[in-house]
There are 2 protein chains.
Amino acid sequence: MLKISELAAKTGLSTHTIRFYEKHGLINASERSEAGYRYYDDVDIRRAQFVKTARNIGFSLDDISQLLSIRVDKTSHSCQEVTDITQYKLDEVNARLVELQSMQNTLEILLESCCGGPENATHCSIMDALEAGDVKSTRSAA
Amino acid sequence: MLKISELAAKTGLSTHTIRFYEKHGLINASERSEAGYRYYDDVDIRRAQFVKTARNIGFSLDDISQLLSIRVDKTSHSCQEVTDITQYKLDEVNARLVELQSMQNTLEILLESCCGGPENATHCSIMDALEAGDVKSTRSAA
DNA sequence: TATAAGCTTAGAGTTAGCTCTAAGGTCAAC
DNA sequence: GTTGACCTTAGAGCTAACTCTAAGCTTATA
Ligand SMILES: [Zn+2]
Ligand SMILES: [Zn+2]
Ligand SMILES: [Zn+2]
Ligand SMILES: [Zn+2]
């Protein structure tokens, strides 16, 4: 049985974050001392580590909620449900990648066009490009 | 002279956003009617379009503040200041790209490992991987 | 003249995921 | 028996960039 700071040390989550996750139903302490101290058993610890791992991959807390409800009763859930969540996340990531690559491209072109020197910016081609608006839009949803 | 909704139509910003940008010093209406209505002249309009363009590229409002203060007095600012802002943004974008590519990679590997079928998730390799924690961490700063 | 559309303001709410504070109780060590 | 580290709670604050609301003027149209 670990106390909260020990679970924090073990998982790399802060105690604040652990309590925050508890409030959101992601993890919990199956025991409490008389004084109200949280105590985590092996099952709790594995669940906390699962959350941390999923979080590291980039799943949102909502995604993780769904994964956890599959996890507690795997026989009632299908592989397809798991891949759906994962595929949806991948789609999000890919969409964001497209945006960022477009930003990267635009910024690189801007940087190439400007001398970057110490003279004043009256002739600056980056400023000119921003002024002219002839740059492609890279944002749809941040 | 445009009224706020006309400027909104012209720039693609909402009237709310225009007022929000004004509150943050990005744009302003050089005239007001007796009733207090905002009126935007050509200079205002060009500034608003500059902001929109910079925003489309992905610059933050803080970045844009800096770009605008260069813009209003280009002789007092150098190309280097402009490239510094741009390069800094590009560095940010590249850092985020690395994270997202790592996420993409991890998610693809997970998806390949799972059958995605309708059977129950007791054998699911995605769940197993999350359980084992043997996935690389993709997040540093979101 | 009445109705609707549009404008004003200050300020609150949204999102996600923490992060921190205050005020106080508990526990082990010296 | 008293430090000091650790625990508890409710709730506020943070970031970024909006987004919306309420309450009340103004302006254009029919
Ligand atoms: Zn130059
Ligand atoms: Zn330049
Ligand atoms: Zn399967
Ligand atoms: Zn599976």
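Chain identifiers are assigned alphabetically (A, B, ...) following the order of the sequence lines, protein sequences preceding nucleic acid strands; residue numbering begins at 1 within each chain.
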Can a donor-acceptor pair be found, under 3.5 Å and without considering hydrogens, that links the side chain of B:Ser102 to the backbone of B:Val98? no
Looking at B:Glu6 and B:Lys3, is any side-chain nitrogen of the basic one under 4.0 Å from a carboxylate oxygen of the acidic one? no
Just grab all the salt bridge (charged side-chain N to carboxylate O under 4.0 Å, His left out) pairs involving residues 9-31 of chain A, residues at least two apart or on different chains. A:Glu22-A:Arg32, A:Glu22-A:Arg38
Using links of under 4.5 Å between side-chain heavy atoms of ILVMFWY residues, direct or through other members, which residues join B:Tyr39 in one cluster? B:Met1, B:Tyr37
Taking atom types as modelled and ignoring hydrogens, do the side chains of B:Ser76 and B:Asp73 form a donor-acceptor contact shorter than 3.5 angstrom? yes
Would you tell me whether B:Asn120 and A:Thr75 have side-chain atoms, one donor and one acceptor, within less than 3.5 Å of each other? no
Outermost nucleotides of DNA chain C that come under 4.0 Å of a non-hydrogen atom of chain A: C:dG17 to C:dC27
Could you check how far NZ of A:Lys23 sits from P of D:dG11, rounded to whole Å? 10 Å
A:Phe20 vs A:Leu26 side-chain heavy atoms within contact, under 4.5 Å: no
Do A:Ile126 and A:Ser113 have side chains that get closer than 4.5 Å, going by heavy atoms? yes
What residues from residues 8-20 of chain B pass a heavy-atom cutoff of under 4.0 Å to DNA chain D? B:His16, B:Thr17, B:Phe20
Under a 4.0 Å heavy-atom cutoff, the residues of residues 26-54 of chain B touching DNA chain D are B:Ala35, B:Tyr37
Distance, nearest 0.5 Å, that separates CD1 of A:Ile85 from CD of A:Gln87: 12.0 Å
Could you pull out all residues at least two apart from A:His123 that satisfy ring-ring contact (aromatic ring centres under 6.0 Å, His included)? none
